[in-house]
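These notes are about the structure you will find just below.
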There are 2 protein chains.
Amino acid sequence: MQAESSFKVACSNCNLRELCLPIGLSTDEMKQLDGMVATRKKVKQGGHLYSSGDPFTTLYAIRTGFFKTCVVSEDGREQVTGFQMAGEIMGLDGIVSDKHNCHAIALEDAEVCVMPFNHVEDLSREIPMLQRHVHKIMSREIVRENGVMMLLANMRAEERLAAFLLNLLQRLHARGYSKSELILRMTREEIGSYLGMKLETVSRTFSKFSEDGIIEVKQKNIRILDHEKLKTIFNASIC
Amino acid sequence: MQAESSFKVACSNCNLRELCLPIGLSTDEMKQLDGMVATRKKVKQGGHLYSSGDPFTTLYAIRTGFFKTCVVSEDGREQVTGFQMAGEIMGLDGIVSDKHNCHAIALEDAEVCVMPFNHVEDLSREIPMLQRHVHKIMSREIVRENGVMMLLANMRAEERLAAFLLNLLQRLHARGYSKSELILRMTREEIGSYLGMKLETVSRTFSKFSEDGIIEVKQKNIRILDHEKLKTIFNASIC
DNA sequence: ATGACTTCTTGATGCAAATCAAACGCTGTC
DNA sequence: GACAGCGTTTGATTTGCATCAAGAAGTCAT
């Protein structure tokens, strides 16, 4: 399912360096960082980068591809806790108990940079800028999850889906993609799990948006026709 | 609303040192930590330790008292994102953008240790054990929020309240309190906000548990009569 | 104590989304 | 090109919780 590629990899000439861990580092510091990425690892679509319960030793930075993370309850219910794309860091859930708390599954063929957490910590002690950045990444994840809690506890189906689409668009835009078009890498069921609704409701809500001329849905291809209206749905809810 | 007390404070003889930041440090290291807590700060019931938008400069460790944290959406909806008790660390949400992302409000008169984040980072670079511990605290918060997402997205009202009570009991127990009795510091509305349900539903669910002989409810005083049944409700849900 | 206010409980009704069900459209395989 | 299998759409019905409403209980200030 997975293959290790051991040719030399370097943050300093990675095209994601403005999004990923090296953000804000000087050229010298980035050279130091190059040693942090031990190897790269490919994960095929459907493959697990790690599974819940696996021993935690490394963080991963996504180079290419798209992932979902999900936790599974004792009685087998699955909850998608996030979708991750290029430049984002995975594995933070494992630090607290030295084993992973969720599954990380590739939604398309992917490649990640393997960053042994010991190296990250060692380097963090030498490069204050890196230390700060690691803290920011963890804090960002906490804040993101706060937002998801708000969404799950307070919003209605249409608001949730609007919030979801806007979030994806914004992150894709930061990576150079269009603001008015996207391809969903996940199924309706996975979207529903993340948003706390059933796949039928996701599908119905897409159809509703489509009827209202807000988006155009062709399977996994979404075209945004009325970005403003989407924003209005997202935060005007109770009018 | 708040007063600063500037007498010397020390982690090394704090009765919370087994729960709080110093966990796992040697005596020498803990001595170094003593310098980290700049001051202590008292917050009266209802007072804000910090508010959303405030500049972030310090973390706080709760010495006494009980807090809630909540985010507020643009259209004014409030979402309680957590309840914090003695030994727990607050303020992590502020690191990512150098300003706080939520309100921290005391639910009873409280006292916190003020730990300037710069100090925490400086010391973390000198004491690997502290560095690791800071990482673990942030990771724990991420994992906790994963659990809340599961709860909000997948569980029914009874399960949510059971999960909530069990979580409080477990944390209070770790602080030496009874496993079969607790006093709720928050209102039904605040519980509801945290659990994604209305205060009436919280009240009704308490009444239901009471009728079923699982708990005894006297206002904010809860006595657990059948701990096992509570656990069954929590994770057997779909039977 | 008295009255004002907040919090909590309980009942009646309504609704958004879940559930159940069936058909349709892709994708890939032999 | 036919078939199987998965993902998606759409419709009919049910349901858990929200909403609306009113009163009870507790808290606080005077």
Next item on the list: Indicate, with a heavy-atom threshold strictly under 4.0 Å, whether A:G192 touches base, sugar-phosphate, or nothing.
Entry: nothing
Check: Roughly how many Å is it from CE in A:M197 to P in D:dT9, rounded to a whole number?
Finding: 12 Å
Check: Which part of the nucleic acid does B:E200 contact within heavy-atom distance under 4.0 Å: base, sugar-phosphate only, or nothing?
Finding: base
Margin query: Rounding to an integer number of Å, can you tell me how far B:L195 CG sits from D:dG16 P?
Written below: 19 Å
Notebook entry, point to check: Out of curiosity, B:S193 OG to A:M149 CE, how far, rounded to the nearest 0.5 Å?
Noted result: 8.5 Å
Checklist line | N/O (side chain, A:S207) to phosphate O (OP1/OP2, D:dT10) under 4.0 Å | finding: yes
Note to self: How many whole angstroms separate atom NZ of A:K198 from atom P of D:dT10?
What the structure shows: 20 Å
Notebook entry, point to check: Are a donor atom and an acceptor atom from the side chains of B:S210 and B:E216 found within less than 3.5 Å of each other?
Noted result: no
Checklist line | Side-chain donor-acceptor contact under 3.5 Å, B:N154 with A:Q79 | finding: yes
Item checked: Nearest-angstrom distance from the residue atom CG of B:N221 to P of D:dA25 -> 17 Å
Check: Whole Å only: how far is the CG atom of B:L199 from the C1' atom of D:dC20?
Finding: 12 Å
Next item on the list: Look at the side chain of B:R204 against the base of C:dG11 and say whether a donor-acceptor pair falls under 3.5 Å; ignore hydrogens and angles.
Entry: yes
Next item on the list: Take atom CD1 of A:I191 and atom P of D:dT8, then tell me their distance rounded to the nearest Å.
Entry: 8 Å
Note to self: If you compare every side-chain N and O of A:K220 against the phosphate oxygens of D:dG7 (OP1, OP2), does one of them come in below 4.0 Å?
What the structure shows: no
Margin query: Return the CD to CZ distance between A:E190 and A:R185, rounded to the nearest 0.5 Å.
Written below: 13.0 Å
Notebook entry, point to check: Which part of the nucleic acid, if any, lies within reach of A:S203 when heavy atoms closer than 4.0 Å are counted: base, sugar-phosphate only, or nothing?
Noted result: base
Check: Among the nucleotides C:dA17, D:dT9, C:dT9, which one has an atom lying closest to any side-chain atom of A:R188?
Finding: D:dT9
Item checked: Rounded distance in Å - CD (A:Q219) to C1' (C:dC24) -> 10 Å
Note to self: Using whole Å, what does the distance between atom C1' of nucleotide D:dT9 and atom CZ of A:F206 come to?
What the structure shows: 13 Å
Check: Do A:Q84 and A:T69 have side-chain atoms, one donor and one acceptor, less than 3.5 Å apart?
Finding: yes
